[in-house]
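Chain identifiers are assigned alphabetically (A, B, ...) following the order of the sequence lines, protein sequences preceding nucleic acid strands; residue numbering begins at 1 within each chain.
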There are 2 protein chains.
Amino acid sequence: MERSGGQATINDVARLAGVSKKTVSRVINRSALLGEETRRRVEQVIAELGYVPNPQARALALRRNFLIALVHDNPNAQTVMNVQQGLLEGVAGSEFELVVRPVRRGSPTMLDDLRAFIERQRPFGVLLMPPVGDLPPVVDLCRALGCRHVRMSAVAGDPASTVASNDREAVRHAVSYLVEQGHRRIGHVAGPDGFLSAAERRAGFEEAVAAAELALPRSWIAQGSYTFESGQEAGERLLDLSPRPTAIFCANDEMAAGLVHAARARGLDVPRDLSVIGFDDTPIAAHLWPPLTTVRWPSISMARTAALKLIGGEQEVEEPSRFLSTLIRRASVAPPPAD
Amino acid sequence: MERSGGQATINDVARLAGVSKKTVSRVINRSALLGEETRRRVEQVIAELGYVPNPQARALALRRNFLIALVHDNPNAQTVMNVQQGLLEGVAGSEFELVVRPVRRGSPTMLDDLRAFIERQRPFGVLLMPPVGDLPPVVDLCRALGCRHVRMSAVAGDPASTVASNDREAVRHAVSYLVEQGHRRIGHVAGPDGFLSAAERRAGFEEAVAAAELALPRSWIAQGSYTFESGQEAGERLLDLSPRPTAIFCANDEMAAGLVHAARARGLDVPRDLSVIGFDDTPIAAHLWPPLTTVRWPSISMARTAALKLIGGEQEVEEPSRFLSTLIRRASVAPPPAD
């Protein structure tokens, strides 16, 4: 067998199999894009040479690392964990590893930090979690650096680089459910500026309220930052109103948990005195008392699909055009109290 | 300037500065171990050559990657996120990145999976979260592969490879607080087999109960698996007892949250009818209603210190010999109800 001396390299495999290094890489990563014959030929050469893939050497040869990076600035630990779980499911059985790279959206050095990270580590691809992926300069940077990227988004986009959910429609449905229960004074704890998800969820809320021809004073919408504490503060503002809303839709579960806290602290019972709906269906939703009615955001399957898009090269990943969020009815919604 | 042609490499820098590649690496990673003169000489050569560190090339040269891996099989997402946060704080400002590598403790292929991961990626070091780090074969494997590792543990060990907390003592203190409040029937929801933390917390509980000369029927200890659902089930068993415990110490917050759920579901008020103490002080503790009295496990600072040990080479990391867990008094403990 022809050998370059010492351990066999990906170059040896490619040369002997008569294919490109990229094709060898695809075989190792079990890409579905390959013809069966090519796969068999490359696998045979790998076996004959006793080639053991060395990710560092291959990274040098291919100018890429076998790392998928999760880039995020998300305040919700449970959401981040769900996305990690989905990504790990997506790369399971491959030789890709997950790198976690938090960034600070508000920092003046965020783009430089991200550029330094990509240039140094040369990740094979990056997943941009909201709100980082909602920032056009971040996407432009990835493009300029030739870094493969997929955004998770509340709005549809280029299918090659987007996995999208239907937040607006799902919220419309959730708020209509409150209307069906008889609520006429419905408030909203909105998410922070800069999150497309926050804007979409608020738009869905306003559309449902308008469709039911309900009043919506400005004071019935309080803005939070997707954290428990901000939900608590928003709750204090909304529950001070007179008359106060009989139902409140919160743009995520953490804020809903904070709102329930604020309600209990002033002796209100959920759902007897106040109905609450959240968004995400992170574990806290089921663990609250009463268990929280919420909209399940399919973050795990979105992240799994994103991982497959990132590592799959040009191969088609089977996926819905939108990932559908669905209403999970638990125990935090009831008809409004008699006035 | 002597150059090997093309881009300068770490070899060029080492040769011209008259130091080892490892020393160059230390300069790049801002190790505190270096003399000021060496650092200045290496930095000057780096500047003269216009050397840009290439992690893949350096990984090949040093046979190591600039990756710190978090190896875990922990059922609690919030605990894992805290540990990730601490590790990220520890590597902030260096060129190290965090790789997340879950394993399955019960799987017959766990050791092989871990070996394959370490051999393929050659991480610079690994943090072994409980309970993975409690398994001697895992530690033996890291040693055999020459892979730098640090364990987080509830029991002191070799300081070079252990960051340890004082769980037993902290739990003794927490349970004594229940005794001071007047409780005489104190139950325990224990953690799963194979977790040293679970064994230590249970030992602390039993020591405090023995010191107060209280009865401890076997039925007052229910075993869970550190998950919310297992806490709920354990709660159902303990709250069925007659007489039932007036206070219950749970080996983590998730199980305490499940126990509170089970109590509420049968109309019991916490803390009027039942006092509850958890362990960890993950966010769920403060977010529960009533806010949970718990023992704060310093997971973030333990993980930060572990990261510094992993990337710091032989340099001394300033740290306490044990990380102290402390009782956080919130609103889930009160004197027992009158019989």
Side-chain angles (χ1 to χ4, degrees), chain A residues 52-70 76-82 84-85 87-89 92 95-102 116-117 119-123 227-229 231-232 254 257-258 260-261 263-265 270 282-284 286-291, chain B residues 52-70 76-82 84-85 87-89 92 95-102 116-117 119-123 227-229 231-232 254 257-258 260-261 263-265 270 282-284 286-291:
Chain A
V52 178
N54 173 328
Q56 279 92 49
R58 289 174 62 217
L60 255 189
L62 298 166
R63 306 171 141 243
R64 283 288 170 80
N65 224 323
F66 288 89
L67 301 173
I68 296 296
L70 168 60
N76 189 328
Q78 295 190 326
T79 303
V80 175
M81 281 304 288
N82 279 355
Q84 288 191 11
Q85 186 187 327
L87 289 172
L88 287 164
E89 288 176 11
E95 62 176 330
F96 285 93
E97 299 293 335
L98 172 63
V99 169
V100 178
R101 169 41 73 144
F117 166 66
E119 287 183 337
R120 273 199 326 234
Q121 290 292 340
R122 300 246 153 237
T227 65
F228 177 88
E229 291 72 19
Q232 222 171 350
E254 292 270 320
V260 169
H261 233 247
R264 287 191 172 276
V270 175
T282 42
I284 198 176
H287 297 179
L288 275 185
W289 190 269
Chain B
V52 178
N54 173 328
Q56 279 92 52
R58 289 175 61 219
L60 256 188
L62 298 166
R63 305 172 142 244
R64 283 290 169 81
N65 224 323
F66 289 89
L67 301 173
I68 297 296
L70 168 60
N76 188 329
Q78 296 191 326
T79 303
V80 176
M81 279 305 287
N82 279 355
Q84 288 191 13
Q85 185 186 327
L87 290 172
L88 287 165
E89 288 176 10
E95 63 178 328
F96 286 94
E97 300 292 336
L98 172 63
V99 168
V100 179
R101 168 45 68 149
F117 166 66
E119 288 183 338
R120 274 200 323 233
Q121 289 293 340
R122 300 247 155 238
T227 64
F228 177 89
E229 290 71 19
Q232 221 172 351
E254 292 271 319
V260 169
H261 233 247
R264 287 192 172 275
V270 175
T282 43
I284 198 175
H287 296 178
L288 275 185
W289 190 270

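Counting heavy-atom pairs under 4.5 Å between each of B:Ala77, B:Pro283, B:Gly258 and chain A puts B:Ala77 at the top. With chain A as the partner, the residue from B:Arg101, B:Glu97, B:Glu229, B:Glu254 showing the most heavy-atom pairs under 4.5 Å is B:Glu97.
Of the two parts of B:Gln232, neither the backbone nor the side chain holds a non-hydrogen atom closer than 4.5 Å to a non-hydrogen atom of chain A. Neither the backbone nor the side chain of B:Pro290 comes within contact range of chain A, judged by heavy atoms closer than 4.5 Å. Looking at B:Ala265, both its backbone and its side chain come within 4.5 Å of chain A, counting heavy atoms on both sides.
Neither side chain, A:Glu95 nor B:Gln121, offers a donor N or O lying under 3.5 Å from an acceptor on the other.
Between B:Leu67 and A:Val99 the shortest heavy-atom distance is CD2-CG2, 4.5 Å.
Scored by the side chain to side chain donor-acceptor pair (under 3.5 Å) test, B:Gln85 finds B:Glu89 as partners (sequence neighbours excluded). Among residues two or more places apart in sequence or in another chain, the side chain to side chain contact (heavy atoms under 4.5 Å, CB included) test is passed with B:Ala257 by B:Phe228, B:Ile284, B:Leu288.
Counting only distance, with no hydrogens or angles, the side chain of B:His261 and the backbone of A:His287 share a donor-acceptor pair below 3.5 Å.
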